Amino acid sequence: MLDQIHWLAAVTVLGVLEQAYFFLQVIYARRLFGISPPKISGPPEFERIFRAQVNCSEYFPIFLALLWQAGLFFHQGLAAALGLLYLYARYCYFMGYKASSSERLVPIYFSAGVLWILIAVSALGILHFFLSHYVGLNVLQFLTA
């Protein structure tokens, strides 16, 4: 079983580490700009870092669910590769937003595109499972014939 999920687990750990990095960036920005919790407003530089971290945190559960569904029901390697692309795009988003609000746009659109691909792959994998398991119809058999 573990050989079927090790890449998914590795990408998950990388994602958690990335989230921790983003959290630390907010802590450092709070210290740099003298903004104590629970305040969330301050100079634009702080607000961009804070908002980038919050946005990444908001999408992380969606990413994890799709990563694991795509990996378990479709293909672990493809899901892990898409996961790495997503994490890289999110890093670029965070760093771009930290520099300027306009720098976040290309990476956010790219990461959204990766999420849509993960949604499609997950849906196809789950559909294939249901059709083959409950109906006895192997869609992949027709595609390769």
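Quantities reported herein were computed from a predicted structural model and do not represent experimental measurements. Sequence positions, counted from 1, serve as the residue numbers for this chain.
Sorted by first and then second residue, the ring-ring contact (aromatic ring centres under 6.0 Å, His included) pairs involving residues 101-124 (not counting sequence neighbours) form an empty list. Residues in residues 98-119 take part in no salt bridge (Lys or Arg N to Asp or Glu O under 4.0 Å) pair, two or more places apart or across chains. Screening residues 43-64 for salt bridge (Lys or Arg N to Asp or Glu O under 4.0 Å) gives Arg51-Glu58 as the qualifying pairs, with residues at least two apart or on separate chains.
With sequence neighbours excluded, no residue satisfies ring-ring contact (aromatic ring centres under 6.0 Å, His included) with Tyr88. In this structure, the side chain to side chain contact (heavy atoms under 4.5 Å, CB included) partners of Leu127, at least two apart in sequence or on a different chain, are Leu131. In this structure, Tyr59 has no ring-ring contact (aromatic ring centres under 6.0 Å, His included) partners at least two apart in sequence or on a different chain. In terms of the side chain to side chain donor-acceptor pair (under 3.5 Å) criterion, residue partners of Gln19 (sequence neighbours excluded) are, by chain and number, Ser57. Shown here are the side chain to side chain donor-acceptor pair (under 3.5 Å) partners of Ser102, two or more places apart in sequence or in another chain: Ser100. With sequence neighbours excluded, the residues forming a side chain to side chain donor-acceptor pair (under 3.5 Å) with Tyr86 are Arg90, listed by chain and number.
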Report, one line per pair, each donor and acceptor closer than 3.5 Å where one atom sits in a side chain of residues 8-17; sequence neighbours left out.
from	atom 1	to	atom 2	distance (Å)
Thr12	OG1	Leu8	O	2.8
Thr12	OG1	Trp68	NE1	2.8

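If you chain together hydrophobic residues whose side chains sit under 4.5 Å apart, Leu67 and Phe60 fall into the same group. Hydrophobic cluster membership differs between Val106 and Tyr93, with clusters built from Ile, Leu, Val, Met, Phe, Trp and Tyr side chains linked at under 4.5 angstrom.
For the pair Ala89 and Ser111, the tightest heavy-atom approach, listed with the atom from each and the gap, is CB-CB, 3.7 Å. Taking both residues in full, the closest heavy atoms of Ala80 and Trp7 are given as CB-CB, 3.7 Å, listed atom of the first, atom of the second, then distance. The two residues Phe63 and Gly83 come nearest to each other via the heavy atoms CE1-CA, 3.6 Å.
Other residues sharing the hydrophobic cluster of Tyr28, ordered by chain and number and joined by side-chain separations under 4.5 Å: Leu24, Ile27. In the hydrophobic clustering, where aliphatic and aromatic side chains (Ile, Leu, Val, Met, Phe, Trp, Tyr) are joined below 4.5 Å either directly or transitively, Phe33 groups with Tyr21, Phe22, Val26, Leu32, Ile35, Ile40, Phe46, Ile49, Phe50, Val54, Tyr91, Phe94, Met95.
Without hydrogens or angle criteria, Gln76 side chain to His6 main chain gives a donor-acceptor distance under 3.5 Å. No donor-acceptor pair closer than 3.5 Å links the side chain of Gln53 to the backbone N or O of Phe23.
Atoms NE2 and CG, from His133 and Asn138 in turn, are 13.5 Å apart once rounded to the nearest 0.5 Å. Rounding to the nearest 0.5 Å places CG of Leu87 at 10.0 Å from SG of Cys56. Rounding to the nearest 0.5 Å places CZ of Phe74 at 12.0 Å from CD1 of Ile126.
Note: Tyr134 and Phe130 have parallel aromatic rings, judged against thresholds of 30 and 60 degrees for the angle between ring planes.
The only option from Ile117, Leu115, Val121 that meets the side chain to side chain contact (heavy atoms under 4.5 Å, CB included) definition with Leu66 turns out to be Leu115.
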